[in-house]
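A quick write-up on the structure given underneath.
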Amino acid sequence: MPQPDQTPQTTGPVAPATARYTVVFDSTWSAGSHPVDFPASAHYSGLIGGTHASAVDFWREGGLATEGIRRMAERGSKQPLDDEVNRAIGAGTAQYLLSGPALGTSPARTSMGFETSQAFPLVTLVTMVAPSPDWFVGVSGLPLFQNGLWVEEVRVAVYGFDAGTDSGATYSAPDLETTPRKPIARLTYPLESGGVVAPLGTFTFTRVP
């Protein structure tokens, strides 16, 4: 009587538990791309964020800004957003705090490296659009591990967001606290030109072999 085939079935290589990435922030924000009221001193604050699980988010469109997001968006400060990430690390919902360089002008480019793992496959990273009342760009909960595989490369167009904490309408507007705070929302004026709101640049995440 024929015996059943006992040959083990292979399913392909198993993805490693951890991965390293480089993120490149390429700012295309300029007087040519965003001509309305473009500031002479255009720049960005230092990159700040973390790698985390889906049990936590540090900002999201339509949600209210935390104090950390407010201070980042209004002042370019990494504190207390770094404290919020560290608290999540202590609670077991995040793994690494990410802190990278600023851009002293725009257009320009900067980059940083980081590590992540299958247990914490999401990345959140932000930077203040400066000068501005409370505007920023970034990604929130971007997945780097999908369908059992590490993403080799993903490029994300980043648009301006209003943190909803300052009611100033121009780059150099004086402080005008928004009470109560409004939800984080995609920014239109003064980034809109000819009926189109162009991205301020891209974040490109590339896996390092």
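Computed from a prediction, not measured in an experiment: that's the story for all the values here.
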Is there a side chain to side chain donor-acceptor pair (under 3.5 Å) between Gln95 and Ser117? Walk through the geometry before answering.
CA-CA 8 Å; Gln95 186 171 26; Ser117 69; 2.7 Å; yes
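- Taking the side chain as every heavy atom from C-beta outward, Phe25 and Met112 never approach each other to under 4.5 Å.
- Considering every non-hydrogen atom in both Ser99 and Lys78, the closest pair reads OG-NZ, 2.6 Å.
- Contact of the Val156 side chain with the Thr204 side chain is not registered, since no non-hydrogen atoms from C-beta on lie closer than 4.5 Å.
- Put simply, the side chain of Gln118 gets close to the backbone of Ala15: a donor and an acceptor are under 3.5 Å apart.
- Looking at Asp134, its side chain never comes within 3.5 Å of a backbone N or O of Ala73 through a donor-acceptor pair.
- Using a 3.5 Å distance cut-off with no hydrogens or angles, the side chains of His52 and Thr93 do not pair a donor with an acceptor.
- Looking only at distances, no side-chain donor or acceptor of Ser30 sits under 3.5 Å from a matching main-chain atom of Pro107.
- Contact annotation: the side chain of Leu142 approaches that of Val154 to within less than 4.5 Å [non-hydrogen atoms, C-beta and beyond].
- A continuous path of Ile, Leu, Val, Met, Phe, Trp and Tyr side chains, each step under 4.5 Å between heavy atoms, connects Val139 with Trp29, placing both in one hydrophobic cluster.
- Looking at heavy atoms from C-beta onward, His43 lies out of side-chain contact with Thr105 at the 4.5 angstrom threshold.
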Full working for side chain to side chain contact (heavy atoms under 4.5 Å, CB included) between Thr124 and Asp57
CA-CA 8 Å; Thr124 291; Asp57 62 48; 6.0 Å; no
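- Transitive grouping of hydrophobic side chains (ILVMFWY, heavy atoms separated by less than 4.5 Å) brings Phe203 and Leu187 into a common cluster.
- Taking each heavy atom of Val36 and Tyr171 in turn, the nearest pair found is O-CE1, 3.8 Å.
- Looking only at distances, no side-chain donor or acceptor of Asp162 sits under 3.5 Å from a matching main-chain atom of Ala185.
- Under the 4.5 Å side-chain heavy-atom criterion for ILVMFWY residues, a single connected hydrophobic cluster contains both Trp59 and Met72.
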Mind running side chain to side chain contact (heavy atoms under 4.5 Å, CB included) on Ile184 and Arg60 for me, showing each step along the way?
CA-CA 7 Å; Ile184 296 170; Arg60 58 182 174 83; over 6 Å; no
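- In terms of modelled atom types and a separation under 3.5 Å, the side chain of Thr127 and the main chain of Tyr44 share no donor-acceptor contact.
- Side-chain contact between Pro131 and Ser172 is absent, with no heavy atoms from C-beta onward closer than 4.5 Å.
- In summary, Arg70 and Glu177 do not engage in a salt bridge, as defined by a charged side-chain N under 4.0 Å from a carboxylate O.
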What do the steps show when you test Thr18 against Thr116 for side chain to side chain contact (heavy atoms under 4.5 Å, CB included), and what is the final call?
CA-CA 6 Å; Thr18 63; Thr116 187; over 6 Å; no
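- Here the CD1-CE distance, from Ile69 to Met128, works out to 12.5 Å after rounding to the nearest 0.5 Å.
- Cation-pi contact between Arg186 and Tyr159: present, with separation from the ring centre below 6.0 Å and deviation from the ring axis of at most 45°.
- Residues passing the side chain to side chain donor-acceptor pair (under 3.5 Å) test with Asn147: none are found, sequence neighbours excluded.
- Pairing each heavy atom of Phe114 with each of Leu98, the nearest pair is CB-CD2, 3.5 Å.
- The shortest non-hydrogen separation linking Leu200 to Gly160 is CD1-N, 3.7 Å.
- Using a 4.5 Å cut-off between side-chain heavy atoms of Ile, Leu, Val, Met, Phe, Trp and Tyr, with links allowed through other members, Phe145 and Val123 fall into the same hydrophobic cluster.
- Here the OG1-CD distance, from Thr206 to Glu152, works out to 9.5 Å after rounding to the nearest 0.5 Å.
- Side chains of Thr110 and Pro101 form a contact here, defined as non-hydrogen atoms less than 4.5 Å apart.
- Residues Phe120 and Tyr96 place their aromatic rings such that the two centres sit no closer than 6.0 Å.
- Hydrophobic clustering places Trp135 together with Leu125 (ILVMFWY residues linked when any side-chain heavy atoms are closer than 4.5 Å, directly or through intermediates).
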If you apply the rule salt bridge (charged side-chain N to carboxylate O under 4.0 Å, His left out), what do you find for Arg181 with Glu67, and how did you get there?
CA-CA 11 Å; Arg181 294 182 182 179; Glu67 183 62 13; 3.0 Å; yes
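- Salt-bridge annotation for Arg75 and Asp175: present, with a side-chain N of the basic residue lying under 4.0 Å from a carboxylate O of the acidic one.
- Counting only heavy atoms from C-beta outward, the side chains of Phe58 and Ser140 never approach each other to under 4.5 Å.
- In this structure a side-chain-to-backbone donor-acceptor pair under 3.5 Å is missing from Asp26 to Arg109.
- In terms of modelled atom types and a separation under 3.5 Å, the side chain of Thr22 and the main chain of Gly113 share no donor-acceptor contact.
- Taking the six-membered ring for Trp and the full ring otherwise, the centers of Tyr21 and Phe205 sit at least 6.0 Å from each other.
- Among all heavy-atom pairs drawn from Pro199 and His34, the shortest one is O-CE1, 3.2 Å.
- Taking 4.5 Å as the limit, some side-chain heavy atom of Ile48 sits within range of a side-chain heavy atom of Val126.
- A donor-acceptor contact shorter than 3.5 Å links the side chain of Thr178 to the backbone of Ser167.
- Proximity of a side-chain donor or acceptor of Glu115 to a complementary backbone N or O of Arg20 within less than 3.5 Å is not detected.
- Of all non-hydrogen atoms in Arg207 and Pro16, the two that sit nearest each other are NH2-CG, 3.4 Å.
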